[in-house]
Each structure stands twice: as C-alpha cells, then as structure tokens.
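For clarity, every value in this text was computed on a predicted model and none was experimentally measured. Numbers restart at 1 for each chain; the letters A, B, ... are given by sequence-line order, proteins then strands.
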Number of protein chains: 2
Amino acid sequence: MATLGDVAALAGVSISAVSRVLSNDASARVSPATRERITDAAKSLNYRPNFAGRALRFSRSNVIALIVPDLTNAVFAELMRGVEEGALERGYVVLLARAEDMQPGGEMIDRLLGEGRVDGVLLQVGDHVAQEALDSMLEAPNPTVLVNSVHPGFSGSVTLDDVAAGRLATEHLLGLGHTRIALINGLETTYTAQQRAVGYREALGRASAAAPERITWHGYEPRAGRMSLTELMGDAEPPTAVVVANINSAIGVLGEARVLGIRVPEELSVVAVHDAWTAENTWPPLTTVKMPLYELGRHGVDTLYARLHGEEIADTVVAEPAPELRVRESTAPPAA
Amino acid sequence: MATLGDVAALAGVSISAVSRVLSNDASARVSPATRERITDAAKSLNYRPNFAGRALRFSRSNVIALIVPDLTNAVFAELMRGVEEGALERGYVVLLARAEDMQPGGEMIDRLLGEGRVDGVLLQVGDHVAQEALDSMLEAPNPTVLVNSVHPGFSGSVTLDDVAAGRLATEHLLGLGHTRIALINGLETTYTAQQRAVGYREALGRASAAAPERITWHGYEPRAGRMSLTELMGDAEPPTAVVVANINSAIGVLGEARVLGIRVPEELSVVAVHDAWTAENTWPPLTTVKMPLYELGRHGVDTLYARLHGEEIADTVVAEPAPELRVRESTAPPAA
DNA sequence: TCACTTTGATAAAACGTTTGATCAGACTCA
DNA sequence: TGAGTCTGATCAAACGTTTTATCAAAGTGA
C-alpha cells in the first residue's frame with residue numbers, strides 16, 4: 001500500500017511530480033531523468049493509486065452496480081459476463097447485487113446507492129420486484145439503465161427482441177405441423193412476457209391453418225411451468241406443443257410431463273426461450289431459442305457509460321445477433 | 001449527495017458538531033437543542049456519509065470480495081446468500097467476482113485487491129483455477145479466507161464436512177441393499193473430492209457385505225458426470241448405484257443414463273451431494289445430500305471478520321446443521 | 001474575587017489524490 | 001544588459017470524514 005508520498009520520497013521529488021508522471025499527464029514538464037527515477041521508484045514499491053483517494057477527488061468511484069433478480073438463474077450468467085467484460089474494458093468494476101435485497105425500507109438501497117459507492121446502476125427487474133422497491137431504486141440519484149425490462153415513464157432501457165423470440169419458437173412448431181400450440185408465459189405484468197406473446201400471436205396469425213391461441217401467465221420459474229402444463233392438459237382440446245417463455249419454466253414443464261405420463265416429444269413438443277447449459281442436460285434435451293444475452297450485457301454497459309457522460313440516451317433493442325433456434329430433441333411433428 | 005458541510009450550514013453549527021452527533025459519539029458534549037437542530041437538518045437533506053471520505057479516513061472500505069469459480073452454479077447460490085446476509089449484518093458490502101477473471105497477469109487482481117477497494121477476500125477455489133492464479137491471490141496483501149477449499153501452507157479455511165457427506169450418501173445406497181457402488185467424484189487434486197472419497201471408503205469399509213471400491217475423478221460438471229457413467233458402464237461388473245459428488249455432475253449422469261438406455265432408479269440408483277432447486281426438476285427427481293452452504297457462507301464472513309480484526313484464526317469445519325439426506329426418486333433397491 | 005472545573009462548541013490536521021498557481025533558474029532576443 | 005520566455009519542478013487547495021486539541025463562557029468552591 002505505497003502512496004504517492006512514498007514514491008516521491010524514494011525518488012527524491014515532489015508528490016505532484018509523481019502524480020503527473022504516473023498519470024501520463026501530457027501537459028507535464030518533467031525531465032527524462034526524473035521521469036525515470038519516478039517510474040523506477042513506483043515499480044520498486046509496487047505503487048497502485050489508492051481507490052478512496054481517487055474516488056474522493058473525482059467524486060466518482062468507477063464502480064457500477066448490476067442488480068439482478070436471481071443470481072442462480074443460468075439465463076443471467078451470460079448477461080453478467082457481458083456486463084463484466086464491458087465494464088472491465090471501460091475501467092469499471094462491477095458490484096453485483098440481488099434485487100430481493102433491495103427492500104424499499106431496507107438498508108441496502110441507501111448503502112449501495114446513497115453513499116456514492118456506485119456511479120451508475122444496471123437494473124434487471126424481475127417478476128417479483130415490488131413496484132415500490134423499483135420506484136425507490138429509480139428515484140435514487142444514480143444514473144440508471146434498465147436491462148431486459150421497461151418501466152412506464154422511464155427512458156433508458158436496453159432490451160432483447162422478444163417479439164422475434166416468441167415468433168421464432170412458434171414458427172418452429174408450426175413448421176413441424178402443429179396447430180394446437182399453447183404459450184406458457186411469464187407474468188402478464190412483465191414487459192418481456194407481453195412481447196413474447198406478441199411474437200407468438202404474430203406467428204399464429206400468419207399461419208394459414210386455423211391455430212387457436214392459448215396462453216398461461218404464471219411466471220418464469222419451474223413451478224410456474226408445472227402449474228401451466230397441468231392447467232393446459234385439463235383443456236377439452238389440449239395442445240400438442242408448447243412454447244415456454246423461459247428455459248427454467250420449461251424444465252418444470254418437462255418434469256410435470258413425466259408426472260402426468262405425457263411423452264415428450266411424441267405427445268407434446270416443447271420449445272423454450274433462452275439457452276443455457278441446462279438445456280443440454282434435460283431429458284429429452286430441450287429445443288431452445290438462444291438470445292444474445294452477452295451482447296445485451298455489453299450494450300447495457302455502453303448505454304450506462306453514455307448516460308454517465310451526460311449523453312441523452314434512448315431505449316434500444318439489441319437485435320444482433322438475432323435470436324437463433326437450437327433444435328434438440330424436445331420437438332417433433334405431431335402424432336398422426 | 002449532501003455533505004457534512006451542508007448539514008452544518010443548515011443547522012448553523014460546525015462540521016465537527018454534526019459529525020459527532022450523527023456518528024453517535026458517546027464522548028460528545030452537545031446540548032439537546034443543537035442535537036435536535038442537527039438531526040433535523042440531516043434528515044431534511046437526506047444526509048448519508050460519503051463512502052470515499054470514510055474509506056480515506058479509516059483506510060478501510062467496508063467491502064469484502066467474494067470470489068467464486070462460477071456464478072451460474074446453483075450450489076453457490078446458497079453460499080452467496082449466507083455471505084451477503086452475514087456481511088450485511090456486520091456492515092459490509094459484498095463485491096462478487098468470478099475466479100476466471102482473476103488471471104495472474106491480468107488487471108483484475110490489481111484492480112480489485114491492490115487499490116484498497118476491498119478489506120478482505122472470501123475465496124472459493126474452483127477445480128480449474130490455475131495454481132499460479134491462486135498463488136497471486138493468496139500473496140496479495142488482503143486478508144483472505146478460503147471457503148470450501150484448502151491450500152497447502154495456508155491457514156484460514158472454512159470447509160464443510162465432506163467426509164460425512166460421502167459417507168451418508170454411500171450408507172443410503174448400502175442400506176437399500178446395493179453392493180456395487182461407484183463414486184463419481186471431482187478432480188483428484190481437489191480437497192473436497194478427496195474428502196468425499198474418504199467418506200465413501202469409510203462407509204464401504206464398515207459394510208459387512210463385500211463392497212468393492214470404484215471411483216472416477218473427472219470433475220463436477222455435467223460433462224464429467226456423463227463421461228464417468230460411460231466409463232463405469234464399460235466395466236465387467238458395472239455398478240448398480242452411484243454416489244455423485246456434485247449435483248451438476250449428477251444431472252449429466254441422468255442425461256447420459258437416458259442415452260445409454262439405463263433406467264433410473266430401476267437399473268441404477270443415483271444420489272448426489274448438494275441440494276439445489278434443480279434436484280426437484282430432474283427426472284426422476286434426485287435424491288441428494290443437502291449441505292449447510294448458507295451457514296458456510298455466514299461462517300466464512302465471521303472468520304474473515306475475525307481475521308480483519310487481528311484475531312488468529314484456525315481452519316474450521318462447518319458441521320451444523322449436519323449433512324442431511326433428501327430422499328427423492330432416483331434411488332431404489334437393486335433389481336433382484 | 002480568584003482559581004479552577006465543566007460545558008458546549010469549534011479549529012485544524014490527516015487520510016491520498018489531482019491540478020491550477022507559483023516560482024527559481026536558465027535561456028532568448030533585441 | 002534588461003525584459004521576456006521557457007523549463008522543470010514545487011506549493012497549496014480541494015474532495016468528505018473523523019478526531020485531537022483548543023477555546024470561550026459559564027459554573028463552582030473557598
């Protein structure tokens with residue numbers, strides 16, 4: 001923990017000289033000889049600028065917070081990777097926090113956002129974040145960018161092309177010959193769920209065959225998937241295929257199908273939105289739509305960076321690379 | 001972003017007075033009247049002490065880093081929860097980092113550990129962390145506590161009772177009547193894998209029936225599980241049951257069993273170490289040994305806290321609550 | 001009344017960094 | 001030679017906190 005003073009003492013110069021040299025101040029006038037003494041001294045003491053000193057001086061911490069609903073969720077892993085790599089390149093450190101810790105009255109919001117710890121916030125809103133908590137996060141003074149979600153009256157969202165995802169998954173099933181296709185969706189209040197429903201309807205509408213619409217809105221967790229499947233199978237004419245709006249929910253669907261004695265894909269085709277390592281390890285392996293989550297993370301950082309530097313930012317959709325169908329073994333033509 | 005100065009100005013007192021009152025300085029002599037003026041002013045300005053100012057003053061950031069091999073891994077989710085809650089109670093904020101970012105030559109180590117950003121480090125060493133990277137993390141000046149792992153010559157580890165876990169899982173299978181029980185383990189270099197093997201052997205040794213030992217050491221990932229099962233099924237006398245040292249690996253085992261046409265649990269019983277939400281959503285649902293990962297996290301924070309306050313700390317094992325068998329549907333008596 | 005203590009408050013330094021202002025000495029040019 | 005410019009470096013202030021030392025006024029006891 002050597003300081004500028006230590007380096008200066010060793011090199012026999014003033015603190016300012018050291019600071020100028022080590023921060024590559026272009027306007028600094030310092031002779032080659034002293035410059036070398038300084039860099040040598042810094043190296044031998046293994047000098048690193050003190051974080052708190054800088055933060056105080058600049059009133060900027062070079063830390064951004066990434067708040068996600070659930071760290072466990074494999075879907076977020078790619079997002080986090082994108083955020084971390086983008087942040088690293090721009091000189092930021094990422095402070096990861098769980099949304100459930102962000103209680104409106106709780107200490108976490110103040111601690112994280114109110115003490116100047118973080119310069120900005122990337123916020124991925126989960127299904128189960130209370131409106132109140134969201135409000136108190138958005139009204140905090142920290143520049144914020146919403147990732148994978150939108151909020152009425154809030155500008156600065158980065159989202160995926162969920163319409164395309166819903167459409168692509170549905171078209172895959174239509175292409176296999178299915179006509180009774182249900183959508184097992186997230187909560188109706190969620191923006192991503194609404195968008196995926198739009199895509200689903202678009203695909204159904206385009207289909208020449210009469211394909212009735214059937215949607216459940218129970219959420220993105222395994223349990224929600226189980227509940228939805230049970231509900232759908234109680235229909236007079238149950239679906240022969242389902243689009244599941246989330247891979248975790250789809251895992252629940254597969255489990256419940258076993259319980260109900262429904263064979264996948266022979267009796268029921270399942271395609272899920274989002275790809276993760278889990279998809280290869282279910283039985284049967286899940287057909288999915290891979291979304292550019294890594295790029296979403298990177299773009300989120302870029303957008304936050306722009307906002308931190310005073311630029312006006314608009315809502316954007318990360319459409320590159322486009323959602324991509326990964327056909328595995330959970331989808332097949334309907335039984336004759 | 002009100003400062004002490006702002007509050008002082010509003011209350012018409014000095015900065016020192018404000019600091020004393022707001023930090024509950026017991027030795028402070030200040031009249032009730034001014035005390036009230038100060039607290040009122042602070043409240044109306046929504047004052048929060050600036051993080052950087054404090055960090056500079058105390059040369060302490062009140063941040064601890066938690067470095068884990070893989071954020072996606074559901075096994076770590078409980079650990080993280082324990083760490084975060086423990087940290088919160090002790091007034092610390094958790095900075096989560098991925099071990100793979102900690103490259104020896106890379107910038108991340110310096111950035112995180114060398115700039116005074118974090119007071120201490122909780123380090124969960126993964127299978128695939130290079131020895132070199134581990135060394136450079138341990139030689140950093142930050143007080144460090146190893147979680148769920150040990151390192152030769154390093155004192156300050158908090159681990160689980162992996163021997164008991166291995167024993168418990170094996171005894172469950174023995175109790176069902178199995179005699180050909182294999183252990184699908186982690187890498188041989190890993191401490192946890194070695195411990196689980198010890199427990200496995202203990203259980204086999206105690207069994208009256210002749211139960212030969214059979215172990216694979218391919219790692220904790222799904223792919224390792226798949227590889228191990230294929231290998232075991234090539235044996236002259238393949239096992240009728242397997243202890244899988246990790247739940248993620250066990251998911252791979254289940255998948256590979258489907259591919260090989262082996263029915264679980266009729267032809268092969270599977271029990272895994274560690275419980276997670278995924279266990280309930282495999283087919284069949286996985287019998288597991290639940291380990292006290294939450295408590296491990298909390299204890300890790302406690303230990304680090306002690307080390308930060310200059311106390312000598314020894315290696316400890318978190319044995320409470322004890323590993324607990326969760327019988328689901330992946331285990332059954334051997335076929336007659 | 002004088003010496004002394006108590007009360008209630010403030011001044012100032014320090015943590016480590018950056019940067020505008022300053023300064024001494026050497027050089028340039030008329 | 002004297003005025004001005006350039007060079008190479010240092011001084012000092014500021015960011016927001018905490019805390020030791022200081023201080024004025026009021027109270028206490030003989």
Side-chain angles (χ1 to χ4, degrees), chain A residues 1-39 41-42 45-63 91 110-111 114-119 141, chain B residues 1-39 41-42 45-63 91 110-111 114-119 141:
Chain A
M1 289 296 181
T3 72
L4 279 183
D6 299 334
V7 178
L10 181 59
V13 295
S14 73
I15 290 183
S16 349
V18 178
S19 173
R20 294 206 149 90
V21 168
L22 296 184
S23 61
N24 290 319
D25 184 345
S27 71
R29 293 175 310 208
V30 43
S31 70
T34 44
R35 185 178 293 271
E36 194 186 332
R37 279 214 315 285
I38 289 174
T39 50
L45 291 177
N46 193 22
Y47 170 78
R48 285 242 108 203
N50 177 272
F51 155 69
R54 275 183 118 108
L56 189 54
R57 179 71 230 264
F58 292 124
S59 25
R60 169 161 55 80
S61 64
N62 272 16
V63 175
D110 283 341
R111 192 91 82 67
E115 299 181 352
R117 250 172 227 283
V118 303
D119 297 337
Chain B
M1 288 297 181
T3 72
L4 279 183
D6 299 333
V7 178
L10 181 58
V13 295
S14 72
I15 290 183
S16 345
V18 177
S19 173
R20 293 207 148 87
V21 168
L22 295 184
S23 61
N24 289 318
D25 184 345
S27 71
R29 291 175 311 209
V30 43
S31 70
T34 44
R35 185 177 294 272
E36 194 185 332
R37 278 215 315 285
I38 289 175
T39 51
L45 291 177
N46 194 22
Y47 171 78
R48 286 242 108 203
N50 178 272
F51 155 68
R54 275 181 117 107
L56 189 54
R57 179 70 231 261
F58 290 124
S59 24
R60 169 161 53 81
S61 64
N62 274 13
V63 175
D110 283 340
R111 190 92 81 67
E115 299 181 352
R117 247 173 231 282
V118 303
D119 297 338

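The outermost nucleotides of DNA chain C lying under 4.0 Å from heavy atoms of chain B, listed 5' to 3', are C:dT7 to C:dG16.
Taking the side chain to side chain donor-acceptor pair (under 3.5 Å) definition, one finds that B:R48 meets it with A:E115, sequence neighbours left out. With sequence neighbours left out, the side chain to side chain donor-acceptor pair (under 3.5 Å) criterion links B:R111 to B:E107. The side-chain contact (heavy atoms from CB on, under 4.5 Å) search around B:L56 returns A:N50, A:A52, A:L56, not counting sequence neighbours. For B:R60, the side chain to side chain donor-acceptor pair (under 3.5 Å) partners are B:N62, not counting sequence neighbours. Listed by chain and number, the residues in a side-chain contact (heavy atoms from CB on, under 4.5 Å) with A:R35 are A:V21, A:V30 (sequence neighbours excluded).
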Can you give me every donor-acceptor pair (side chain of residues 1-10 of chain A, partner residue at least two apart or in another chain, under 3.5 Å) with its distance?
unit_1: A:T3; atom_1: OG1; unit_2: A:G5; atom_2: N; d: 3.1
unit_1: A:T3; atom_1: OG1; unit_2: A:D6; atom_2: N; d: 3.3
unit_1: A:D6; atom_1: OD2; unit_2: A:T3; atom_2: N; d: 2.9

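At the heavy-atom level, B:F58 lies under 4.0 Å from the strands shown only through sugar-phosphate atoms. Residue contacts shown for A:R35 are absent, as no nucleic acid heavy atom lies under 4.0 Å away.
Pairs engaging residues 18-33 of chain A under the side-chain hydrogen bond (donor to acceptor under 3.5 Å, both in side chains) rule: A:D25-A:S27, A:S31-A:T34 [sequence neighbours left out].
Contacts between residues 12-27 of chain A and DNA chain D, counted as heavy-atom distances below 4.0 Å, involve A:V13, A:S14, A:S16, A:A17, A:R20.
The main-chain N or O of A:A55 is never found under 3.5 Å from a side-chain atom of A:S61 such that the two would form a donor-acceptor pair.
Atom-to-atom distance recorded for B:S59:OG and B:D119:CG is 9.5 Å, nearest 0.5 angstrom.
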Study note, to complete from the structure: In 5'-to-3' order, the base (B), backbone-only (S) or no-contact (-) status of each nucleotide in nucleotides 23-28 of chain D, using a 4.0 angstrom heavy-atom cut-off, is ------

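Regarding B:L56, its CG atom lies at a distance of 17 Å from the P atom of D:dA14, rounded to whole Å. Across the protein-nucleic acid pair, A:L4 atom CG and D:dT10 atom C1' stand 14 Å apart, rounded to whole Å.
Between the two ends of the helix from C:dT1-D:dA30 to C:dA30-D:dT1, each summarised by a five-pair axis, the helix axis turns through 60° (rounded to 10 degrees).
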